[in-house]
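The structure appears below as structure tokens.
Order of the sequence lines sets the chain letters (A, B, ...), proteins ahead of strands, with each chain counted from 1.
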Amino acid sequence: MNYWLMKSEPDEVSVDDAFAAPRHTVPWTGVRNYQARNFMRDQMRVGDGVLFYHSSCAEPGIVGIAEVASTPYPDPTQFDRKSPWYDAASKPDAPRWLLVDVKVLEKTRNLTLPELREDPALADLVVLRKGNRLSITPVEARHWRHLLKKLGASSA
DNA sequence: GCCAACGTTGGC
DNA sequence: GCCAACGTTGGC
């Protein structure tokens with residue numbers, strides 16, 4: 001069992017949007033970074049824990065507990081000419097971009113970025129590292145436990 | 001394979 | 001809108 005933090009822009013897909021979707025599940029479309037793709041392709045397993053994070057918004061922070069809900073499969077938006085994530089260089093018989101489905105288990109309060117930064121127990125959380133821009137980052141088990149306790153999450 | 005130029009992310 | 005940090009591209 002691995003744990004992850006996955007960023008979504010709430011203007012695109014918020015935790016409310018994801019929770020309102022059928023089975024509380026959304027395909028994690030639009031990742032166009034190889035390192036993030038590789039996490040989904042090579043390391044994620046169904047049932048892995050996910051922290052749902054809102055980025056590029058007024059109050060960035062962790063807003064929900066989720067889980068990996070599928071094995072990896074090709075991101076359909078890469079083949080859609082009208083999609084902002086269209087990739088002309090990716091061919092259907094050799095898809096460049098894969099994704100997984102993510103199921104929201106529980107919405108939480110917004111554990112904001114400033115709160116995360118001021119907690120010494122989270123000092124080396126990957127997403128807080130200087131200059132980090134990865135939209136998917138691994139979370140250590142001790143950080144996961146600490147964060148779930150902090151959130152009072154029932155999905156622990 | 002190097003690296004400068006350019007593009008993107010994302011907090012502020 | 002600014003800009004630091006980082007990833008990607010492409011000429012050589």
Side-chain angles (χ1 to χ4, degrees), chain A residues 2-21 25-44 48-70 72-104 106-140 142-144 146-148 150-151 153:
Chain A
N2 289 314
Y3 305 100
W4 308 94
L5 183 144
M6 299 177 76
K7 297 178 186 173
S8 184
E9 300 186 14
D11 289 348
E12 298 283 347
V13 181
S14 71
V15 70
D16 291 313
D17 297 333
F19 196 74
T25 299
V26 289
W28 208 259
T29 53
V31 170
R32 294 296 181 268
N33 170 281
Y34 289 105
Q35 211 176 334
R37 179 205 66 181
N38 292 348
F39 285 140
M40 291 195 284
R41 186 188 65 185
D42 304 332
Q43 294 191 40
M44 285 191 180
D48 277 3
V50 173
L51 300 166
F52 198 112
Y53 180 93
H54 280 172
S55 69
S56 295
C57 57
E59 282 211 299
I62 296 168
V63 292
I65 310 297
E67 67 178 14
V68 174
S70 78
Y73 62 95
D75 181 344
T77 63
Q78 71 196 300
F79 305 123
D80 178 0
R81 288 181 176 280
K82 298 191 196 75
S83 168
W85 299 298
Y86 176 65
D87 182 353
S90 182
K91 301 301 169 202
D93 56 351
R96 179 177 292 180
W97 304 110
L98 302 180
L99 54 68
V100 298
D101 290 341
V102 173
K103 174 177 186 170
V104 179
E106 177 179 355
K107 291 195 291 175
T108 64
R109 73 180 181 91
N110 186 353
L111 180 51
T112 66
L113 183 59
E115 287 180 84
L116 296 172
R117 288 204 185 283
E118 77 185 6
D119 185 341
L122 301 173
D124 48 358
L125 189 67
V126 176
V127 78
L128 300 182
R129 283 185 199 156
K130 182 179 163 126
N132 170 78
R133 298 184 314 162
L134 260 187
S135 64
I136 300 174
T137 49
V139 174
E140 292 176 43
R142 64 194 170 94
H143 289 144
W144 173 265
H146 182 80
L147 283 161
L148 260 62
K150 213 174 165 88
L151 285 162

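Phosphate proximity of B/dG10 to A/Lys7: present, with a side-chain N or O under 4.0 Å from OP1 or OP2. Dashed line: the shortest gap from a side-chain N or O of A/Tyr53 to OP1 or OP2 of B/dG11 is under 4.0 Å.
Between the CH2 atom of A/Trp85 and the C1' atom of B/dT8 there is a distance of 15 Å, rounded to whole Å. The NE2 atom of A/His54 sits 17 Å away from the P atom of B/dT9 (whole-angstrom rounding). In this entry the distance linking CD of A/Glu59 with P of B/dG11 reads 12 Å, nearest Å. Atom OH of A/Tyr34 and atom C1' of B/dT8 are 15 Å apart (whole Å). Atom C1' of nucleotide C/dT9 and atom CZ of A/Arg96 are separated by 12 Å, given to the nearest angstrom.
Here the CG atom belonging to A/Asp119 is positioned 9.5 Å from the CG atom belonging to A/Leu125, to the nearest 0.5 angstrom. Considering CZ of A/Arg32 and CD of A/Gln78, their distance stands at 5.5 Å, rounded to 0.5 Å. Interatomic distance, A/Leu148 CG to A/Ile65 CD1, rounded to the nearest 0.5 Å: 4.0 Å. Going from atom OH of A/Tyr3 over to atom CE of A/Met44 covers 13.5 Å, rounded to the nearest 0.5 Å.
Listed in residue order, the members of residues 109-117 of chain A having a heavy atom less than 4.0 Å from DNA chain B are A/Leu113. Within residues 122-136 of chain A, the residues approached by DNA chain B to less than 4.0 Å at the level of any non-hydrogen atom are A/Arg133, A/Leu134, in residue-number order.
Taking 4.0 Å as the cut-off between side-chain N and carboxylate O, A/Glu12 and A/Lys7 do not count as a salt-bridged pair. Between A/Asp87 and A/Arg81 there is no salt bridge, since none of the side-chain N atoms of the basic residue sits less than 4.0 Å from a carboxylate O of the acidic one. Salt-bridge check for A/Asp42 with A/Arg37: failed, with every basic side-chain N at 4.0 Å or more from each acidic carboxylate O.
With respect to A/Trp28, the ring-ring contact (aromatic ring centres under 6.0 Å, His included) criterion is satisfied by exactly one of A/Phe52, A/Trp85, A/Trp4: A/Phe52.
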